Amino acid sequence: MTVRLGELAVRFGCQLRGDPELGVEAVSTLEAARPGTVTFLANARYRKFLPATRATAVILEPAYAEECPGAALLSANPYAIYARVAALLHPAPQAPAGVHASAVIAADAAIAASACIGPLVVIEAGVRVGERAVIGPGCVLQAGAVVGADSHLVARVTLGRDAVIGARAILHPGSVVGADGFGFAREPAGWVKVPQLGAVRIGDDVEIGANTTIDRGAIEDTVIEEDVKLDNQIQIGHNVRIGAHTAIAGCVGISGSTTIGKRCMIGGAVGIAGHLTIADDVMITGLSLVSRSITKAGIYSSALPLEDARLFRRNAARFRHLDEWYRLSMKGRAMKDGDDPSAADPDEDNDD
């Protein structure tokens, strides 16, 4: 489809610099753009490609407008505008309503007439599937599961018993919502499995990446609030609660009974211990280890950045001597101040 720039500016609230009658039919990158496409600049690292871009229009901040060789759609948030333009120009295909002949559906399951049930789907007793929902190939919906209107289970998604998926959710291939949590009681002879009696409740507009797993609660439910975005291969333990509008990158592990606030951003491969509370509006950078609760909004880090291997090894060797150097520095300070060095307690916490 071709859309005029004037229509894009009005629809998405942009200021247009250029001919409103020019049309675009696809999106592109700055570097590989061609006439008839629209691209964007949201990261200054790609600014070098702006003067030579062949795109018909570029979505960018007003500060870069003079460097744009073609039409410009000006916005304070060009990436968000690009996302909306891309969705308009490249709409997702609509799945036809109906049930594939190979699907196995319990007699008492309630499937909306407008829903699409793909091949080899298994739907157990008491399941409810809402209007225009799409259940892709190989999905398994265990007893009592609920899928809200306009949600899309792409393929091979498993919903455990009584799992609830809200409206407009997207679950990518291999995701598992509602498997048993990791609950075992130890005895001298081994382990006793603790029944996992809760479920999982997923809010509206949630997206769950490929092979991400969300465990059912032990007694109460595991809860993912509305508009949460989960990347691929995330593990969420039982009774975790994730607040609305939080985004979590790939390979994060969240141990059981931890509560994460609203509007948080958690980088890739972060590890979060169990039974913690993380406040609203917290950002945690990639590879960090969270071993205590975070009570204030802000940016938190704990991982060491990459450096030359020889320098890293030297620093690692020095790290082992930190306690020794600390003790020596405390004694030196005491001597400088005229105190008895033996009176200094090198093991006492010191904030200096």
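Computed from a predicted structure; not experimentally measured. For the single chain, residues carry numbers from 1 onward in sequence order.
A distance of 8.5 Å separates OG in S255 from CD in Q235, rounded to the nearest 0.5 Å. The structure places CD1 of I242 at 5.0 Å from CD1 of I260, a figure rounded to the nearest 0.5 Å. One finds the CD atom of Q196 at 9.0 Å from the CZ atom of R161 (value rounded to the nearest 0.5 Å). Remark: T2 OG1 to L89 CG distance equals 8.5 Å, nearest 0.5 Å. Summarising the geometry, atom CG belonging to L230 is positioned 10.5 Å from atom NE2 belonging to H172; distances are rounded to the nearest 0.5 Å. The distance from the CD1 atom of I266 to the CD1 atom of I248 is 4.0 Å, given to the nearest 0.5 Å.
Only one option out of V146, V200, L171, V164 pairs with L159 in a side chain to side chain contact (heavy atoms under 4.5 Å, CB included); it is L171. Of the listed residues (L41, I59, V58), just one forms a side chain to side chain contact (heavy atoms under 4.5 Å, CB included) with C68, and that residue is V58.
Cluster membership check: M330 does not share its hydrophobic cluster with W325, using side-chain heavy-atom separations under 4.5 Å among Ile, Leu, Val, Met, Phe, Trp and Tyr. By the criterion of side-chain heavy atoms lying less than 4.5 angstrom apart, applied directly or through intervening Ile, Leu, Val, Met, Phe, Trp or Tyr residues, L22 is grouped together with V3 in one hydrophobic cluster. Residues V99 and I123 share a single hydrophobic cluster, defined by chaining ILVMFWY side chains whose heavy atoms lie under 4.5 Å apart. Hydrophobic clustering (side-chain heavy atoms under 4.5 Å, transitive across Ile, Leu, Val, Met, Phe, Trp, Tyr) groups L16 together with L88. The same ILVMFWY cluster, assembled from side-chain heavy atoms under 4.5 Å apart, contains both V157 and I111.
The shortest non-hydrogen separation linking A249 to G267 is CB-C, 3.8 Å. Here the shortest heavy-atom pairing between Q233 and T212 reads N-OG1, 3.1 Å. In terms of heavy atoms, A97 sits closest to A113 at CB-O, 3.6 Å. Counting all heavy atoms, side chain and backbone alike, N239 lies closest to E220 at ND2-O, 2.8 Å. P69 approaches L50 most closely through the heavy-atom pair CD-O, 3.3 Å. Between R310 and D308, the closest heavy-atom pair is N-OD2, 3.0 Å.
With hydrogens and angles ignored, the 3.5 Å screen pairs a side-chain donor or acceptor of R17 with a backbone N or O of G70. Not one N or O on the side chain of S75 forms a donor-acceptor pair closer than 3.5 Å with the backbone of C14. The backbone N or O of G250 sits nowhere less than 3.5 Å from a side-chain atom of N232 that would complete a donor-acceptor pair. The backbone N or O of D215 sits less than 3.5 Å from a side-chain atom of T222, completing a donor-acceptor pair. Side-chain N or O atoms of D204 include one that pairs as donor or acceptor with a backbone N or O of A167 at under 3.5 Å.
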Show me the donor-acceptor pairs, under 3.5 Å and distance only, between side chains in residues 294-304 and residues at least two apart or in other chains.
{"unit_1": "Y300", "atom_1": "OH", "unit_2": "K296", "atom_2": "O", "d": "2.8"}
{"unit_1": "S301", "atom_1": "OG", "unit_2": "T285", "atom_2": "OG1", "d": "2.6"}
{"unit_1": "S302", "atom_1": "OG", "unit_2": "L289", "atom_2": "N", "d": "2.8"}

Show me the donor-acceptor pairs, under 3.5 Å and distance only, between side chains in residues 268-283 and residues at least two apart or in other chains.
{"unit_1": "D280", "atom_1": "OD1", "unit_2": "K262", "atom_2": "N", "d": "2.8"}
{"unit_1": "D281", "atom_1": "OD1", "unit_2": "R263", "atom_2": "NE", "d": "2.8"}
{"unit_1": "D281", "atom_1": "OD2", "unit_2": "R263", "atom_2": "NH2", "d": "3.0"}

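Looking at heavy atoms from C-beta onward, C116 lies in side-chain contact with V134 at the 4.5 angstrom threshold. I81 is not listed as a side-chain neighbour of F40, based on a closest heavy-atom distance of 4.5 Å or more. Between E31 and Y46 the shortest side-chain heavy-atom distance does not fall below 4.5 Å. Residues V104 and L120 fail the side-chain proximity criterion, which asks for heavy atoms closer than 4.5 Å. Considering only heavy atoms from C-beta on, N315 comes within 4.5 Å of E307 through its side chain. Taking the side chain as every heavy atom from C-beta outward, L141 and L153 approach each other to under 4.5 Å. Considering only heavy atoms from C-beta on, I202 comes within 4.5 Å of I208 through its side chain. Residues R47 and E67 form a side-chain contact, since some pair of their non-hydrogen atoms from C-beta on lies under 4.5 Å apart.
Counting non-hydrogen atoms of other residues, nucleotides and ligands closer than 6.0 Å to CG of L306 gives a total of 12 or fewer. Other residues, nucleotides and ligands contribute more than 12 heavy atoms inside 6.0 Å of the CZ atom of F49. Within a 6.0 Å sphere centred on CD of E66, heavy atoms belonging to other residues, nucleotides or ligands number 12 at most. Within 6.0 Å of CG in L328 there are more than 12 heavy atoms belonging to other residues, nucleotides or ligands. In this structure, E7 places its CD atom where more than 12 heavy-atom neighbours from other residues, nucleotides or ligands lie under 6.0 Å away. Within 6.0 Å of CZ on F312 lie no more than 12 heavy atoms contributed by other residues, nucleotides or ligands.
R4 has a carboxylate O that lies under 4.0 Å from a charged side-chain N of E21, or vice versa, which qualifies the two as a salt bridge. By the 4.0 Å N-to-carboxylate-O rule, D180 lies close enough to K193 to be salt-bridged with it. Salt-bridge check for D205 with R168: passed, with a basic side-chain N closer than 4.0 Å to an acidic carboxylate O. The pair E225-R241 meets the salt-bridge criterion, with a side-chain N (NZ, NE, NH1 or NH2) lying under 4.0 Å from an Asp/Glu carboxylate O.
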- Evaluation steps, side-chain contact (heavy atoms from CB on, under 4.5 Å), between T56 and V38: CA-CA 6 Å; T56 295; V38 58; over 6 Å; no

- Verdict with reasoning, V27 to T39, per side-chain contact (heavy atoms from CB on, under 4.5 Å): CA-CA 6 Å; V27 299; T39 185; over 6 Å; no

- Taking it one step at a time, do I214 and V176 satisfy side-chain contact (heavy atoms from CB on, under 4.5 Å)? CA-CA 6 Å; I214 304 174; V176 178; over 6 Å; no

- Query: Going through the checks in order, is the side-chain contact (heavy atoms from CB on, under 4.5 Å) test met by R216 and H238?
  - Reply: CA-CA 5 Å; R216 66 189 313 105; H238 57 193; over 6 Å; no

- Query: Where do D162 and Q142 land on the side-chain hydrogen bond (donor to acceptor under 3.5 Å, both in side chains) test, with the steps shown first?
  - Reply: CA-CA 7 Å; D162 299 321; Q142 294 183 349; over 6 Å; no

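Aromatic ring pairs are classed by plane angle as parallel below 30°, tilted from 30° to 60° and perpendicular above 60°; the pair Y82 and Y79 is parallel.
For the residue pair N77 and E61, no side-chain donor N or O sits within less than 3.5 Å of a side-chain acceptor on the partner.
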